[in-house]
Amino acid sequence: MRVQAFMFYGCAVFFLATDVVYWLWSKDWTGTTAMALAVGLAGLIGFYIHFTVRRLESANGGPLYEDDPEGDIADAAGELGFFSPHSWWPLFLALSAAMVTLGVVFGWWLVILGAAATIMTSVGLVFEYYRGHFSH
């Protein structure tokens, strides 16, 4: 993952150079500010990945498997997590988030209903495996 950190650092440097050239040619505050934000975001992501990798390497006792030049694909094998194959909650969560978005357009009463639906469907998604047929 160290390579990904340096890729984001490279993007930040590229955006910075592009931002300077853009400012010198156009004198446009809007585009310059937007590109400066891109510099900051790319640098922030690179910084986060860089120090997260350092923390994981110290906890792991060595380089991560994706940074090992002698590594094999099988080194990354193992459980990645649990993903619900049959859940309807993501669909309902997306519909309630869409209701909030449409509420900004059509009326604040729809935002309030959508926010309530978003909270309820989020709770349903999080606690899906705590009750009923699929509880462990």
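Just the heavy atoms: all of them, side chains too, but no hydrogens, waters or symmetry mates, feed the values below. Note that the coordinates shown come from a computational prediction; the quantities given were computed from them, not determined experimentally. Heads up: numbering here begins at 1 and tracks the sequence.
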Over all atoms of both residues, closest heavy-atom pair of G103 and V111 | C-CG2, 3.3 Å
Inter-residue atom distance T121.OG1 - W89.CH2, 0.5 Å rounding | 7.0 Å
Rounded to the nearest 0.5 Å, what separation is found between the CD1 atom of I45 and the OG1 atom of T52?
-> 11.5 Å
Members sharing M35's hydrophobic cluster, built from side-chain contacts under 4.5 Å between Ile, Leu, Val, Met, Phe, Trp and Tyr, are Y22
Rounded to the nearest 0.5 Å, how far apart are OG of S87 and OH of Y129?
-> 6.0 Å
What distance separates L95 CG from W88 CH2, expressed to the nearest 0.5 Å?
-> 10.5 Å
Nearest non-hydrogen partners of G43 and A12, listed with the distance = N-CB, 3.8 Å
Over all heavy atoms of both residues, which pair between L93 and S122 is shortest? Give the atoms and the distance, please.
-> CD1-OG, 3.3 Å
Could you label the plane-to-plane angle of the H50 and Y9 rings as parallel, tilted or perpendicular, counting under 30° as parallel and over 60° as perpendicular?
-> tilted
Write down the atom of L16, the atom of V39, and the distance for their closest heavy-atom approach.
-> N-CG2, 3.3 Å
Interatomic distance, CG@D19 vs OG1@T33, rounded to 0.5 Å, equals 8.0 Å
Cluster partners of L24, using ILVMFWY side-chain heavy atoms under 4.5 angstrom, listed by chain and number?
-> V20, W23, W29
Shared hydrophobic cluster, F6 / F51 (ILVMFWY, side-chain heavy atoms < 4.5 Å) | yes
Atom CZ of F47: over 12 foreign heavy atoms under 6.0 Å = no
Residues that A38 engages under side chain to side chain contact (heavy atoms under 4.5 Å, CB included), provided they are two or more places apart = F15
Mind checking what makes side-chain hydrogen bond (donor to acceptor under 3.5 Å, both in side chains) contact with T118, not counting sequence neighbours?
-> S96
How long is the span from the CZ atom in F92 to the CG atom in L125, to the nearest 0.5 Å?
-> 11.5 Å
ILVMFWY clustering at 4.5 Å (side-chain atoms), partners of M99 = L102, V105, F106, W109, L110, L113
What residues join W25 in its hydrophobic cluster, counting side-chain heavy atom gaps under 4.5 Å, either direct or through other members?
-> V21
